[in-house]
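To start, the structure itself, in structure tokens.
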Amino acid sequence: MMTPALHAAVETIMREASDRAILPHYQSLAASEIDNKAIDDLVTVADREAEAMLTERLAALLPEAAVVGEEAVFEDASVMERLKDRLCWIVDPLDGTNNFAAGKPPFGVLVALADKGEILGGWILDCLSGRFCKAGLGTGAWIDGERISARTTGDEPPVAAISTLFLDPEAREKVRAHIAPHYRLVDIPRCAAEQYPRLVTGVNDLSVFNRTLPWDHAAGVLFLNEAGGKAARPDGSPYRADEYERRDLIGAASPALWDAFAQIVAQIEQ
């Protein structure tokens with residue numbers, strides 16, 4: 001299924017959505033074109049226009065596949081159920097919406113293809129730079145047509161991008177007390193379409209995600225794993241798109257870095 005033709009078609013669709021539905025609104029949004037879905041969770045006219053375009057085009061590309069889009073799920077939570085028993089496109093039409101609404105990078109488009117929760121393909125577009133990442137299950141990872149292998153920063157201590165945004169005060173204190181001494185903590189980009197490439201290209205060594213919704217992580221997890229890094233649940237179990245109720249995910253530029261970090265996390269929880 002993950003043929004060169006399919007990869008090329010998905011890339012074309014994503015670039016057209018970026019060019020036609022996202023970039024025309026960049027740094028030109030009116031206040032009326034930005035809404036609050038929840039605290040610190042925005043949606044813009046660009047999100048909605050891009051999702052409509054991606055949904056239509058991806059559905060035509062594989063008519064047998066359902067489409068699970070972030071904004072569609074916001075309107076009807078039952079759409080998520082499609083992930084459990086059928087082939088599905090998973091769409092984040094504008095990842096990094098808060099950045100986009102503020103008129104700054106990074107932001108991008110994320111698309112994945114999963115069959116009954118197993119992720120088969122993943123695609124990540126950086127709208128401003130045009131960088132395009134893709135991966136197929138068992139076939140490797142690529143950036144702009146070049147096969148890529150994940151590399152670490154080489155720094156000591158390793159570089160960890162860890163968000164405490166969605167943690168309670170007790171959990172934040174555990175991060176400061178038990179994790180910070182072993183790593184150099186850096187800010188997160190608030191954009192999975194940027195964070196996963198950073199773990200592959202030697203910018204960051206580790207990242208921890210608390211919310212693990214499929215449109216944010218399905219494409220990136222496959223991309224990182226296929227590049228030779230490691231993304232998995234803290235207990236070592238694989239990330240699946242149909243387990244969207246679960247929290248917590250660790251991504252690392254190498255399996256060794258993942259193992260060392262997971263061991264620290266396990267000790268915290270004892």
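Just so it is clear, the values below take in all heavy atoms, side chains as well, and ignore hydrogens, waters and symmetry mates.
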Exercise for the section: Apply the test side-chain contact (heavy atoms from CB on, under 4.5 Å) to residues Asp242 and Lys116: give CA-CA distance (whole Å), side-chain angles for both, the deciding distance (0.1 Å), then the verdict. Expected result: CA-CA 7 Å; Asp242 57 349; Lys116 300 181 180 67; 5.6 Å; no
Practice task
Report yes or no: does Glu226 contribute a side-chain atom to a donor-acceptor pair with the main-chain N or O of Ala135 at less than 3.5 Å?
Solution key: no
Problem - Side-chain ion pair, Asp205 and Arg184, N-O less than 4.0 Å - result: no
Practice task
May I ask you to test the Trp142-His7 pair for a side-chain heavy-atom distance under 4.5 Å?
Solution key: no
Practice task
May I ask you to test the Asp126-Leu128 pair for a side-chain heavy-atom distance under 4.5 Å?
Solution key: yes
Exercise for the section: Could you state whether Trp215 and Leu62 fall into the same hydrophobic cluster, counting links through intermediate Ile, Leu, Val, Met, Phe, Trp or Tyr residues with side-chain heavy atoms under 4.5 angstrom apart? Expected result: no
Handout entry: Euclidean distance, Arg151 CZ relative to Ser254 OG, rounded to 0.5 Å
Key = 13.5 Å
Exercise for the section: Answer yes or no: is there a side-chain heavy-atom contact under 4.5 Å between Val91 and Leu110? Expected result: no
Exercise for the section: Taking the side chain as every heavy atom from C-beta outward, state whether Glu11 and Lys134 have any pair of such atoms under 4.5 Å apart. Expected result: no
Exercise for the section: Spell out, as yes or no, whether a donor-acceptor pair under 3.5 Å connects the side chain of Thr152 to the backbone of Ala253. Expected result: no
Exercise for the section: Verify whether one side chain among Arg57 and Thr12 offers a donor that lies under 3.5 Å from an acceptor in the other. Expected result: no
Problem - Note, Val43 side chain near Thr97 side chain (heavy atom, < 4.5 Å) - result: no
Exercise for the section: Before accepting this row, confirm whether a basic side-chain N of the pair Asp235/Arg246 lies closer than 4.0 Å to the acidic partner's carboxylate O. Expected result: yes
Handout entry: Contact check, side chains of His182 and Pro157, non-hydrogen atoms, under 4.5 Å
Key = no
Exercise for the section: Taking Asp92 for its side chain and Asp216 for its backbone only, find out whether a donor-acceptor pair lies under 3.5 Å. Expected result: no
Problem - Nearest atoms (heavy-atom pairs only) where His217 meets Tyr196 - result: ND1-OH, 2.7 Å
Handout entry: Greater than 12 external heavy atoms within 6.0 Å of Lys37's NZ
Key = yes
Exercise for the section: Looking only at non-hydrogen atoms, find the nearest pair between Ala193 and Ile124 and report the distance. Expected result: O-CG2, 3.4 Å
Problem - Distance-minimising heavy-atom pair for Ala232 and Leu249 - result: O-CD1, 3.4 Å
Practice task
Give the C-alpha distance, both sets of side-chain angles, the deciding distance and a yes or no for side-chain contact (heavy atoms from CB on, under 4.5 Å) between Phe100 and Leu42.
Solution key: CA-CA 10 Å; Phe100 179 82; Leu42 302 178; over 6 Å; no
Handout entry: Straight-line distance of Leu222 CG to Leu120 CG, nearest 0.5 Å
Key = 8.5 Å
Practice task
Would you mind telling me which of Val221, Asp259, Leu257, Leu199 makes a side chain to side chain contact (heavy atoms under 4.5 Å, CB included) with Lys230?
Solution key: Asp259
Exercise for the section: Supply the atom-to-atom distance Glu49 CD to Leu94 CG, rounded to the nearest 0.5 angstrom. Expected result: 11.0 Å
Practice task
Return the minimal non-hydrogen interatomic distance between Cys191 and Phe107, and the atom names on each side.
Solution key: SG-CA, 3.8 Å
Practice task
Would you check if the side chain of Glu64 reaches a backbone N or O of Leu87 as a donor-acceptor pair within less than 3.5 Å?
Solution key: no
Problem - Between CD1 on residue Ile179 and CD on residue Gln267, distance to nearest 0.5 Å - result: 11.0 Å
Problem - Cluster check Val67, Leu61: I/L/V/M/F/W/Y, side chain < 4.5 angstrom - result: yes
Fill in the blank from the handout: CD (Glu70) and CD (Glu75) are apart, to the nearest 0.5 Å, by 11.5 Å
Handout entry: Backbone of Asp248 reached by a side-chain donor or acceptor of Arg233 within 3.5 Å
Key = yes
Problem - Residue that, paired with Glu245, satisfies salt bridge (charged side-chain N to carboxylate O under 4.0 Å, His left out) out of Lys84, Arg240, Arg211 - result: Lys84
Practice task
State plainly whether one hydrophobic cluster holds both Ile188 and Leu213, where clusters connect Ile, Leu, Val, Met, Phe, Trp and Tyr through side-chain heavy atoms under 4.5 angstrom apart.
Solution key: no
Practice task
Please check if the side chain of Glu33 supplies one atom and the backbone of Ala30 the other of a donor-acceptor pair under 3.5 Å.
Solution key: yes
Problem - Closest contact, heavy atoms only, Met14 versus Val109 - result: CE-O, 3.3 Å
Problem - Under 3.5 Å donor-acceptor, Asn99 side chain and Pro106 backbone - result: yes
Handout entry: Cluster check Val186, Trp258: I/L/V/M/F/W/Y, side chain < 4.5 angstrom
Key = no
Practice task
Identify the heavy atoms of Ala160 and Tyr183 that sit nearest to each other, and give their distance.
Solution key: CB-CB, 3.8 Å
Problem - Single-linkage hydrophobic cluster Tyr244~Val73, side-chain heavy atoms < 4.5 angstrom - result: yes
Practice task
Look at atom CD of Glu16 and say whether more than 12 heavy atoms of other residues, nucleotides or ligands are closer to it than 6.0 Å.
Solution key: yes
Problem - Any donor-acceptor pair under 3.5 Å from Tyr26 side chain to Gly103 backbone - result: yes
Exercise for the section: Begin with the C-alpha distance, continue with both residues' side-chain angles, and end with the deciding distance and a verdict on side-chain contact (heavy atoms from CB on, under 4.5 Å) for Asn98 and Arg190. Expected result: CA-CA 8 Å; Asn98 284 42; Arg190 297 201 68 182; 3.8 Å; yes
Exercise for the section: Decide, yes or no, whether a salt bridge links Arg131 with Glu194 under the criterion of side-chain N to carboxylate O below 4.0 Å. Expected result: yes
Exercise for the section: Starting from the C-alpha separation in whole Å, work towards a yes-or-no answer on side-chain contact (heavy atoms from CB on, under 4.5 Å) for Leu137 and Ile119. Expected result: CA-CA 7 Å; Leu137 182 62; Ile119 306 162; over 6 Å; no
Problem - Value rounded to 0.5 Å, distance of CD in Glu118 from CG in Leu113 - result: 10.5 Å
Practice task
Using a 4.5 Å cut-off on heavy atoms from C-beta on, say whether the side chain of Leu224 contacts that of Tyr239.
Solution key: no
Exercise for the section: Determine the interplanar angle of the Trp123 and Trp89 rings, folded into 0 to 90°, and report it as parallel if under 30°, tilted if 30 to 60°, perpendicular if over 60°. Expected result: tilted
